[in-house]
> 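Sharing a structure below in structure tokens format, with a few things to ask.
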Amino acid sequence: VFNTQSIDLIAEKSNTSVRFVKQVIMEHDVLRADRRWYQILAQFDRPQPKSFEDRSFMAEYDRPFSETENEMRDEMVEKEALKRGDRRLRLTWTW
């Protein structure tokens, strides 16, 4: 959502580093995915996590990835494919 110039401007106006701004944006995206997950759990009358430990455990098998997590995973897969010299490997998700 944010381009490089807007991230730079946010960092400048808030007197923080660009790295910190990117971290805040990533954490916001993860929390947005958590809220979406909680809505899905409520919609299907499934139990919601009671503690952070429960959330961590349940998220391993039940929580959908956020946009940032999907981008990070795709970058890691492409980087590993380039290390192996396999440029054909590209994962595409249908959902």
> Return the OH to CZ distance between Tyr38 and Arg55, rounded to the nearest 0.5 Å.
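CZ of Arg55 is found 6.0 Å from OH of Tyr38.
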> Could you list the cluster mates of Val24? Members are the ILVMFWY residues connected by side-chain heavy atoms closer than 4.5 Å, either directly or through other members.
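For the cluster that includes Val24, the remaining residues are Phe20.
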> Identify the heavy atoms of Met58 and Pro47 that sit nearest to each other, and give their distance.
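Residues Met58 and Pro47, closest heavy atoms: CE-O, 3.4 Å.
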> Nearest 0.5 Å please: distance from the CG atom of Asp8 over to the CZ atom of Phe2.
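Nearest 0.5 Å value for the CG-CZ distance: 12.5 Å.
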> Applying side-chain contact (heavy atoms from CB on, under 4.5 Å), run through Met72 and Met26 and close with a yes or a no.
CA-CA 10 Å; Met72 290 170 51; Met26 185 188 72; 3.9 Å; yes
> With ILVMFWY side chains joined below 4.5 Å, transitively, what does Met76's cluster contain besides itself?
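In the cluster with Met76 there is nothing else; it is isolated.
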> Would Gln43 and Gln39 count as having a side-chain donor-acceptor pair, cut-off 3.5 Å?
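No, no side-chain donor-acceptor pair sits under 3.5 Å.
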> Same hydrophobic cluster for Val77 and Phe65, using side-chain heavy-atom links shorter than 4.5 Å among ILVMFWY?
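In one cluster: no.
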> Which value, rounded to the nearest 0.5 Å, describes the distance between Thr4 atom OG1 and Lys22 atom NZ?
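It is 6.5 Å, given to the nearest 0.5 Å.
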> Nearest 0.5 Å, what's the OG1-CZ distance between Thr68 and Arg32?
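Result: 7.5 Å between the selected atoms.
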> Look up atom CG in Leu41 and atom CZ in Arg63, then write down how far apart they are to the nearest 0.5 Å.
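Going from the CG atom of Leu41 to the CZ atom of Arg63 covers 11.0 Å.
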> Strictly distance-based, threshold 3.5 Å: is any side-chain N or O of Asp29 a donor or acceptor partner for the main-chain N or O of Ser66?
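Such a contact is absent between Asp29 side chain and Ser66 backbone.
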> Is a side-chain donor-acceptor pair under 3.5 Å present for Ser14 with Thr16?
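Ser14 and Thr16 do have a side-chain donor-acceptor pair below 3.5 Å.
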> Just how far is it from atom CZ of Arg73 to atom CD of Glu75, taken to the nearest 0.5 Å?
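The CD atom of Glu75 is 12.0 Å from CZ of Arg73, to the nearest 0.5 Å.
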> For the CZ atom on Arg46, are there more than 12 heavy atoms of other groups (residues, nucleotides or ligands in this structure) within a distance under 6.0 Å?
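No, not enclosed.
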